[in-house]
Amino acid sequence: MNRFVIAEPQRCIGCNTCMAACSEVHQAVGLQAHPRLTVVKVEDQTAPMLCRHCEDAPCARVCPVNAITHEDNMIFLNESLCIGCKLCGLVCPFGAITPSGSKPVNLPAVFEHFVPEDMLADVPASLPTTNPFLAWNVGIRAIAVKCDLCAFSDEGPACVNVCPTDALHLVEEDKLEEQMKTRRLDSVMEPITSLDDLSTLTQERK
């Protein structure tokens, strides 16, 4: 079973701390700074939406360069291999993959053959409000960005660690099996209690 992070809307307060932490830890290791999760608000409740690491991940099946693979009980995206075709984001049933990019590191402020920006009016550029799937800007290589469970960190997902209300949880197979075992035991004990009550009630009526 793949591991994944899930949120409890009843506990989430919409503070966006998880998004900030996600952006910070990934930027620190040289990955895209765009947060791997998005806090969504529905009526009066909020909750982060992020990759569920599907067992039969459609994003991995459509990637033409095999940049998305199944590794270590998770769906891993290699940002260095991604060509930015956006197919993975289009087929994701949760909308958990977002194209994002940044300018090259150490980009000079003025090139040797400098051309003023006002002379480049014919060069297309996208507004900040443009949908990331449609945006295009000169000098920026947009690639797919999705949750990687902070695989580079021994501390686990940063979003889970920083959530002030413990609204985020890392679901793993051993923990899930333990929870299911507890639920099975509880469901077995409940009928026994009911039968005892019924027996007592029957005796009282006699």
Val5 and His169: CA distance, side-chain angles, deciding distance, side chain to side chain contact (heavy atoms under 4.5 Å, CB included) verdict: CA-CA 5 Å; Val5 173; His169 307 280; over 6 Å; no

Quick one, [X] and [Y] - any side-chain contact, counting heavy atoms below 4.5 Å?
X      : Y      : answer
Lys146 : His53  : yes
Cys159 : Leu37  : yes
Val25  : Ser153 : no
Glu8   : Asp166 : no
Asn73  : Glu172 : no

Find the distance between [atom1] ([X]) and [atom2] ([Y]) and round it off to the nearest 0.5 Å.
X      : Y     : atom1 : atom2 : answer
Ile6   : Met49 : CD1   : CE    : 8.5 Å
Thr98  : His34 : OG1   : NE2   : 4.5 Å
Cys59  : Leu77 : SG    : CG    : 7.5 Å
His70  : Glu55 : NE2   : CD    : 6.0 Å
Phe133 : Ile97 : CZ    : CD1   : 7.5 Å
Cys51  : Asn2  : SG    : CG    : 9.0 Å

Verdict with reasoning, Phe4 to Cys147, per side chain to side chain contact (heavy atoms under 4.5 Å, CB included): CA-CA 9 Å; Phe4 61 95; Cys147 171; over 6 Å; no

Give a yes or no answer on whether the side chain of Thr17 reaches the backbone of Cys163 with a donor-acceptor pair at less than 3.5 Å.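 Between the backbone of Cys163 and the side chain of Thr17 there is no qualifying donor-acceptor contact (under 3.5 Å).
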
Is there a donor-acceptor pair under 3.5 Å between the side chain of Gln32 and the backbone N or O of Ile143? no

Between Arg184 and Glu177 (salt bridge meaning N to carboxylate O under 4.0 Å), is one present in this structure? yes

Nearest non-hydrogen partners of [X] and [Y], listed with the distance:
X      : Y      : answer
Arg11  : Ala167 : CB-CB, 3.7 Å
Arg141 : Ser80  : NH2-O, 3.9 Å
Val91  : Val62  : CG2-CG2, 3.7 Å
Cys12  : Pro48  : SG-CD, 4.1 Å
Lys41  : Glu43  : CE-O, 3.2 Å
Asp148 : Met74  : O-CE, 3.0 Å

List the steps, then state whether side chain to side chain contact (heavy atoms under 4.5 Å, CB included) holds for Cys150 with Arg36. CA-CA 10 Å; Cys150 294; Arg36 271 72 178 162; over 6 Å; no

Check the surroundings of atom [atom1] in [X]: do more than 12 heavy atoms from other residues, nucleotides or ligands lie under 6.0 Å from it?
X      : atom1 : result
Glu155 : CD    : no
Glu178 : CD    : no
Glu24  : CD    : no

For residues Val39 and Ile13: do they belong to one hydrophobic cluster (side chain heavy atoms under 4.5 Å, members Ile, Leu, Val, Met, Phe, Trp, Tyr)? no

Could you state whether Leu87 and Phe76 fall into the same hydrophobic cluster, counting links through intermediate Ile, Leu, Val, Met, Phe, Trp or Tyr residues with side-chain heavy atoms under 4.5 angstrom apart?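 Cluster IDs for Leu87 and Phe76 differ.
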
What verdict does the side chain to side chain contact (heavy atoms under 4.5 Å, CB included) test give for Ile75 and Ile68, after you've listed the backbone C-alpha separation in whole Å, the side-chain angles of each residue and the deciding distance to 0.1 Å? CA-CA 7 Å; Ile75 301 301; Ile68 304 177; 3.3 Å; yes

Just to verify, what does Ala20 make a side chain to side chain contact (heavy atoms under 4.5 Å, CB included) with, not counting sequence neighbours?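 With neighbours one apart ignored, the set is empty.
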
